[in-house]
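The structure presented is a predicted model; accordingly, all values stated were derived computationally and were not measured. Both ligands and their constituent atoms are indexed starting at 1 by order of listing.
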Amino acid sequence: MPATMPTLTLRGPGDVALIDKPVPEPGPGEVLLAVEATTICGTDLRIISGEKTSGVRPGATLGHEVAGRIAALGEGVGESAGGAELKVGRQATVSIVVSCGCCRACLSDREQLCSRLELVGYSIDGGLAPYLLVPARAVARGNVIASPDELPANRLALSEPLSCVLNGHHGHGGVNPGETVVVIGGGPIGLLHTELGLACGAARVILCDKHESRREVARGLGAVGVGPDELAGTVEELTGGWGADVVVVAIGRTELAETSLDLAAPGGRVSWFAGFPKGSQSQLTPNTVHYQELTVSGGSNARRADVHTAVRMLAGGVIDETPIVTHTFGLSQWREAIDAVRSHLGIKIAIDPTR
Ligand SMILES: [Zn+2]
Ligand SMILES: [Zn+2]
């Protein structure tokens, strides 16, 4: 093992660079993962541009969608029941939500809203580096999650975004067989909602995106791909005027708050899954919710249980990563990788820190 490693580190708001740090040695209770792939998400872009600063520690290594392999175990790991699966050489991912376990949110099955929450890739060093050290308190909480089978690293890395999608899915009550789902936004998150909805037996998923290339990807997954101008008409036509049972907003545009309510069927569920711009406000027609008896839910982040579910779904081949993770770059090419995300080249970009 080399003594130092390059890490994509946040030096200050909007200031990111490849910085050498020592390769960590796992102390008691800690786990060292060798990173095989880390995919980049919109939040990384907002951190890198300086738009997002809360919860991000200057000096932290970025990267929170991580597929790795256990490289070394600190003393005592594996002796507890929860650590039995942790063996050197095993593929694993990390649930990035490091929660306290005893606040009111943690005790009510919402650890992702923990009042003492810390996130890997935000305040704890993340996966845009060849190695990631999982702190003992996270290992003890079961945040290192081994994969049941050998998976392509780019697939296992999707366990983080998929876990968030699963959390949003629980929030809106899930998709029942035969229902119509509308997904607004054809980025990686929208496409994961699409795959999940179809896996749950939705009669149809209608995905709306302004880019034909993304509508085409959605059609390849079995969805109906439409542009913004055709959305309302298509929902009306395909549901006989009833509306969509589930509407997922997977793009953070404020006006979609109202649009999503209008698309929902009586008794429908609306998920505002995407984060909206900071401070944004919206004018809504509250009677749409009242008379149509709609349920509106949010979703941000995920529980460890959602990561477990995500890993099982990815291992079982329920979710196909190949249309979603379209490009892989080496860590030294991080600027190109970020530009590729910004310019919408492909859908999702992975970084392989071993090259
Ligand atoms: Zn993310
Ligand atoms: Zn807590």
Side-chain angles (χ1 to χ4, degrees), residues 8 10 16 35 37-49 51-56 60-68 93-128 132 135 137-138 140-143 145 153-169 185 187-193 196 248 250-252 273-276 298-307 310-311 314 319 321 324-325 334 337-338 340-342 346-351:
L8 191 65
L10 181 81
V16 169
V35 179
T38 295
T39 45
I40 308 286
C41 91
T43 311
D44 293 312
L45 289 195
R46 288 199 298 279
I47 294 171
I48 289 169
S49 68
E51 219 178 301
K52 179 178 166 60
T53 52
S54 70
V56 195
T61 305
L62 300 178
H64 60 272
E65 303 181 354
V66 183
T93 185
V94 57
S95 173
I96 66 164
V97 168
V98 183
S99 56
C100 75
C102 52
C103 72
R104 191 148 173 194
C106 283
L107 293 174
S108 55
D109 193 29
R110 289 189 192 271
E111 66 185 29
Q112 73 277 23
L113 303 179
C114 172
S115 55
R116 288 182 280 267
L117 183 75
E118 281 199 83
L119 295 172
V120 175
Y122 294 75
S123 63
I124 300 169
D125 282 341
L128 285 169
L132 185 163
R137 65 185 185 286
R141 293 274 284 149
N143 283 54
I145 297 170
N154 285 357
R155 186 186 304 172
L156 186 58
L158 286 190
S159 54
E160 196 280 332
L162 179 58
S163 70
C164 297
V165 164
L166 285 161
N167 174 44
H169 185 85
I189 290 291
L191 293 170
L192 286 173
H193 275 288
L196 180 60
V248 178
I251 181 167
F273 186 87
F276 297 100
S300 83
N301 235 318
R303 303 162 187 77
R304 282 161 297 158
D306 298 315
V307 184
V311 169
L314 291 161
I319 300 293
E321 84 286 5
I324 296 179
V325 188
W334 69 273
I338 298 302
V341 181
R342 281 211 180 99
I347 308 272
K348 199 167 192 52
I349 308 293
I351 288 193

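For the pair S99/R303, no side-chain contact is recorded, criterion being any heavy-atom separation below 4.5 Å from C-beta on. For the pair P161 and K348, the minimum side-chain heavy-atom distance is below 4.5 Å.
With the Zn ion (ligand 2) at the apex, C103 SG and C106 SG define an angle of roughly 110° (rounded to 10 degrees). C100 contributes SG and C114 contributes SG; the angle these two atoms make at the Zn ion (ligand 2) is 100°, rounded to 10°.
Considering L8, L128, L62 as possible partners of I40, the one that fulfils the side chain to side chain contact (heavy atoms under 4.5 Å, CB included) test is L128.
With 2.8 Å as the limit, C102 does not count as an N, O or S neighbour of the Zn ion (ligand 2). Between the Zn ion (ligand 1) and H64 there is an N/O/S contact shorter than 2.8 Å.
Under a 3.5 Å cut-off, the side chain of R141 and the backbone N or O of R304 do not form any donor-acceptor pair.
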